[in-house]
Amino acid sequence: MSVVNTVRGPVDVTELGQTLMHEHVFVLSTEHLDNYGKGRWWDEEARVADAIAKLNALAAKGVRTIVDPTVWGLGRNIPRIQRVAAGVPDLNIIVATGLYSYEELPHQYEHRGPGLLLDMPDPMIDDFVRDITEGIADTGVKAAFLKCVVEEKGLTPGVERICRAVARAHAETGAPITVHTNCHARTGLIALDLFAKEGVDLTKVVVGHAGDTNDLDYLQRLADTGAILGMDRFGLDLYNPTEQRVATIATLCERGYADRIVLSHDASCFMDYFPNEWDMVSTIAPNWRYDHIHDDVLPALRAAGVTEAQIEQMLLFNPRRYFS
Ligand SMILES: [Zn+2]
């Protein structure tokens, strides 16, 4: 029996149920919040209560687990997530370690590492491994997967060091990886190539945001390595409309790739990229909500010929295998 760590503690993977593989609870900059949010646009109690309500509504749709890749760079704050998790008894929240950077290393790692001013083993690897094996800060909550980014600029020196540290933490712990990629720059291939050279088990890698493209050649090249396609921005129609995302998944299922696809929205209860008073969801992305997949996408997939078994594979068995 395989066990995965969630915010409330270890859970047998067979208990994960329907799993959305890339959802945030909060996306914040902690410095932005501390300096400009408190007393203004951030109300801690109201935000926690709002998150609990939204996630309970998601659980009512039948989802049992969300996988939250909010790491340093996106405002990871585990005590706040623990408060939310305590209010959503029917939903597991799995949290991550790693780093979200499109280009540069945080200065805190810049001078420490092999051959640097402070010549030592890369402290990032230790930090990631500790989050997975001992827990994050003093919360007792263990991360269950690793997150990094390969964006448009590709493997900048900072991004390369982060990705290698993630690969080495994977090698030490066996924790799976989710990598944010840019499909227009085809950076999923760059990420998988680096991971392969580092000896990463590519069946334990989700190529995040793969669903932003309908380029079947690119998607099949990724999936043919054994990696999992993150069809994970349902509702962000400005990147790729739902209709196209559905058609692409239906074709991939027809071609035998249902065992390498996971579904999600990349939504959040609140993100500080936008001000409170500007409601992005009703203004430019009306479908970018946690329930879009269950309300709209699954019926569309069925109508496009995707079978119940394939839907179960994408929502339940692929996440279970990833965390096993
Ligand atoms: Zn995300």
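FYI, side chains are in, hydrogens and waters are out, and symmetry mates aren't considered; it's all heavy atoms of this structure. Order of appearance sets the numbers: ligands from 1, and atoms from 1 within every ligand.
- If you check the side chains of Thr14 and Asp12, you find a donor sitting under 3.5 Å from an acceptor.
- The atom of Asp266 nearest to the Zn ion (ligand 1) is OD1, with the search restricted to N, O or S atoms.
- Asp131 pairs in a salt bridge (Lys or Arg N to Asp or Glu O under 4.0 Å) with only one of the listed residues (Lys142, Lys147, Arg76), which is Arg76.
- Residue Phe317 places its CZ atom among more than 12 non-hydrogen atoms of other residues, nucleotides or ligands, all under 6.0 Å distant.
- At a cut-off of 2.8 Å, His24 is counted among the residues with an N, O or S atom near the Zn ion (ligand 1).
- Among the backbone and side-chain atoms of His22, an N/O/S atom is found under 2.8 Å from the Zn ion (ligand 1).
- Residues Asp232 and His265 bring no donor and acceptor atom of their side chains to less than 3.5 Å of each other.
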